[in-house]
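Worksheet: the structure to be examined is printed underneath.
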Amino acid sequence: MGDNRFVSVGLVGLGRLGRQHAENLAHRIPNCRLTAVCSIKAEEVEEAQAQLGVPYGYTDYEEMLRNKELDAIFIASPSSYHCDQIEKALAAGFHVFSEKPLGLYMEEALRVQEAVRSHPHQVFMIGFMRRYDRSYLYAKQKIEAGAIGEPVLIRCYGLDPAQAMPGFLQFAKSNYSGGLFLDMAIHDLDLARWYLGVEAERVWAIGGSHRYTELAQLQDAETGAALVQFAGNKMGVFVAGRNCAHGYHIETEIIGTLGSLRIGTVPEKNQVAIMDDRGVVRECAQGFLERFEQAYLDEAIEFVQAILEGRQPGVRVEDGVLSTALGYACKESYDSGRLVEVAA
Ligand code: NAI
């Protein structure tokens, strides 16, 4: 393994998000080198190597793990591969960053938690990037400073743009995403735990597919809602969806005993208001890369810094496991139509 002033990273997954991580790791992070990339699609590997000047390219993940120049593995492959790839990278001695969700099933998430705990000197981080978004961070600081008293209820909208639906349908036919709650609402479930400071106890989730009925055949829902009771009688209301006509709508409200806070109430693309014969138009962000560009970069900077400083980052494997437990309980409730207790 390499030079201790630099972190050499091998990235797996060069799709919608992985390609963005590749650019950040290659060019935008001090003391970081993107040394290897891996995808099962050879053309993606060749493109990234050529465009970003990456020395090593692989179509086989285990072959990349044999590269002794690497210090860390960054995982942006489809969710069903995360746990296996995390375990293999930890066993091979690497620091590991994994995209969300940690796992699609509780057993594999708990297995990863054990693996992380048995490698305490290797950094592990899960990609809950919203915790690194400037607005979400600012809200956290305000809450900690007592600005809204004690937070007691969180209301979250996590809605993907309708224009991304054809791409999602194609993706979902060959990759099991975990369903609406584990795939989409997982960020909100993590934020709820972070802001409320307590764990979930029980959940009732409902949903359906009204425009794209083929989603039902994939055991998924187009729009869903979950009502969650947290410890201390705190509350969460989560709306997740994939058919948002106006764009990528990520909105969070935290209601406290002395006030409330809202983040992203109008999901504007930027500060421009267009005034014409339609009235006043504020265009909306159309996807996660646009809305969370800064957060994806800052979470990767935190991962690299944690490695260089020999510490664990703020987002831990336990956050991945507890959010997966809540997301999985939402899925069970949605599938069964019943109130579900969240696994401790
Ligand atoms: P994608 O389908 O666009 O890309 C997946 C990539 O992994 C492709 O390059 C594919 O060739 C590669 N791949 C597939 N199987 C592989 C294997 N066995 N070994 C090596 N490479 C393999 O998927 P997308 O949208 O980029 O999502 C990737 C992950 O990132 C998912 O787990 C998703 O949940 C997560 N994600 C997180 C977001 C966030 O906001 N934090 C936003 C979007 C995705």
Side-chain angles (χ1 to χ4, degrees), residues 10-24 36-49 54 57-65 73-89 97-104 108-109 112 125-133 136 156 158-161 164-191 220 240 242 248 250 264 285-300 302-303 315 319-320 323-324 327:
L11 167 73
V12 58
L14 287 167
R16 285 166 292 196
L17 183 53
R19 189 61 179 71
Q20 175 80 14
H21 283 314
E23 276 181 43
N24 287 341
V37 285
C38 171
S39 166
I40 45 168
K41 294 184 187 149
E43 65 278 14
E44 290 180 349
V45 174
E46 285 157 21
E47 187 276 339
Q49 282 193 270
V54 182
Y58 302 91
T59 51
D60 181 313
Y61 178 68
E62 293 184 28
E63 205 182 311
M64 180 165 81
L65 296 185
I73 299 294
F74 212 93
I75 299 172
S77 53
S79 306
S80 54
Y81 295 101
H82 294 176
C83 286
D84 183 54
Q85 291 181 340
I86 294 168
E87 287 181 278
K88 285 181 174 148
F97 175 99
S98 173
E99 259 314 324
K100 56 56 63 174
L102 180 63
L104 296 178
E108 59 175 12
V112 165
M125 183 169 171
I126 179 92
F128 286 141
M129 83 296 176
R130 284 201 211 159
R131 292 198 190 197
Y132 295 88
D133 172 76
Y136 280 96
C156 302
L159 308 174
D160 259 356
M165 184 61 101
F168 174 74
L169 282 173
Q170 219 177 357
F171 170 83
K173 281 174 192 149
S174 47
N175 294 279
Y176 173 56
S177 72
L180 189 64
F181 296 104
L182 268 170
D183 185 34
M184 288 281 305
I186 195 88
H187 289 293
D188 289 322
L189 303 177
D190 173 62
L191 287 177
D220 206 349
R242 303 192 191 275
Y248 182 60
I250 304 296
Q286 289 300 323
F288 52 88
L289 295 176
E290 195 178 347
R291 169 64 182 85
F292 289 110
E293 186 182 9
Q294 166 264 319
Y296 292 123
L297 176 60
D298 282 359
E299 70 174 353
E302 165 68 354
F303 176 61
V315 195
D319 296 308
S323 302
T324 296

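Each ligand, and each atom within it, is numbered from 1 in the order the structure gives. Sequence positions, counted from 1, serve as the residue numbers for this chain. Computed from a predicted structure; not experimentally measured.
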Query raised in the report: Does Arg291 make a cation-pi contact with Tyr248, if we ask for NZ or CZ under 6.0 Å from the ring centre and within 45° of the axis?
Result: no
Query - Protein contact to atom 17 (C) of ligand 1 [nearest heavy atom, distance to 0.1 Å] - result: Ile40 CG2, 3.7 Å
Requested in this report: Using the test salt bridge (charged side-chain N to carboxylate O under 4.0 Å, His left out), find all partners of Asp190 that sit at least two apart in sequence or belong to another chain.
Outcome: Arg131, Arg193
**Report entry** CA sep, side-chain torsions, deciding dist, call: Val315, Lys100, side-chain contact (heavy atoms from CB on, under 4.5 Å)
**Finding:** CA-CA 12 Å; Val315 195; Lys100 56 56 63 174; over 6 Å; no
Query raised in the report: Among Phe292, Tyr81, Phe128, Tyr58, which residue places a heavy atom closest to atom 18 (N) of ligand 1?
Result: Tyr81
Query raised in the report: Got the closest protein heavy atom to atom 20 (C) of ligand 1, with its distance?
Result: Val12 CG2, 3.4 Å
Query raised in the report: Hey, is Tyr296 one of the residues with a heavy atom under 4.0 angstrom from ligand 1?
Result: yes
**Report entry** Protein heavy-atom partner closest to atom 11 (O) of ligand 1 - residue, atom, separation in Å
**Finding:** Ser39 OG, 2.8 Å
Query raised in the report: Any N or O on Gly15 sitting closer than 3.5 Å to an N or O of ligand 1?
Result: yes
Report summary line: CG of Asn175 to OG of Ser79, rounded to nearest 0.5 Å, is 8.5 Å
Report summary line: So the atoms of ligand 1 within less than 4.0 Å of a heavy atom of Gln85 turn out to be 19 (N)
Report task. Return yes or no for this condition: an N or O of Met129 is under 3.5 Å from an N or O of ligand 1. Result -> no
Report summary line: Interatomic distance, CD1@Ile86 vs CZ@Phe97, rounded to 0.5 Å, equals 10.0 Å
Query raised in the report: Do any nitrogen or oxygen atoms of Phe171 lie less than 3.5 angstrom from nitrogen or oxygen atoms of ligand 1?
Result: no
Report task. Starting from atom 33 (C) of ligand 1, locate the nearest protein heavy atom and write down its residue, its atom name and how far away it is, to 0.1 Å. Result -> Lys100 O, 3.8 Å
Query raised in the report: For ligand 1, is there an atom lying under 4.0 Å from some heavy atom of Arg19?
Result: no
Query - Location of contacts on Leu17 toward ligand 1, heavy atoms closer than 4.0 Å - result: both
**Report entry** Trace of the side-chain contact (heavy atoms from CB on, under 4.5 Å) decision for Asp84 with Glu108
**Finding:** CA-CA 8 Å; Asp84 183 54; Glu108 59 175 12; over 6 Å; no
**Report entry** Any protein heavy atom < 4.0 Å from atom 26 (O) of ligand 1
**Finding:** yes
Query raised in the report: By side chain to side chain contact (heavy atoms under 4.5 Å, CB included), which residues pair with Cys38, not counting sequence neighbours?
Result: Val12, Tyr58, Tyr61, Met64
Report task. For ligand 1, indicate whether the residue Asp183 contacts it via side chain, backbone, both or neither (heavy-atom separation under 4.0 Å). Result -> side chain
Report task. Under 4.0 Å, heavy atoms only, figure out whether ligand 1 is touched by the backbone of Ser177, its side chain, both or neither. Result -> neither
Query raised in the report: Should Arg130 be listed as contacting ligand 1, given a heavy-atom distance under 4.0 Å as the test?
Result: no
Requested in this report: Look at atom 3 (O) of ligand 1 and say which protein heavy atom is nearest, naming residue and atom and giving the distance to 0.1 Å.
Outcome: Arg16 N, 2.9 Å
Requested in this report: Please say whether Tyr61 places an N or O atom under 3.5 Å from an N or O atom belonging to ligand 1.
Outcome: no
Query raised in the report: Looking at atom 43 (C) of ligand 1, what's its closest protein heavy atom, distance included?
Result: Phe288 CZ, 3.5 Å
Requested in this report: Side-chain contact test, heavy atoms from C-beta onward, threshold under 4.5 Å: evaluate it for Gln20 versus Asn24 and give yes or no.
Outcome: yes
**Report entry** Protein heavy atom at shortest distance from atom 5 (C) of ligand 1
**Finding:** Pro78 CD, 3.8 Å
Report task. Could you pull out the closest heavy-atom pair between Gly179 and Tyr176, with the gap in Å? Result -> N-CE1, 4.2 Å
Report task. If you have a sec, work out which protein heavy atom is nearest atom 8 (C) of ligand 1 and how many Å separate them, to one decimal? Result -> Glu44 OE1, 3.6 Å
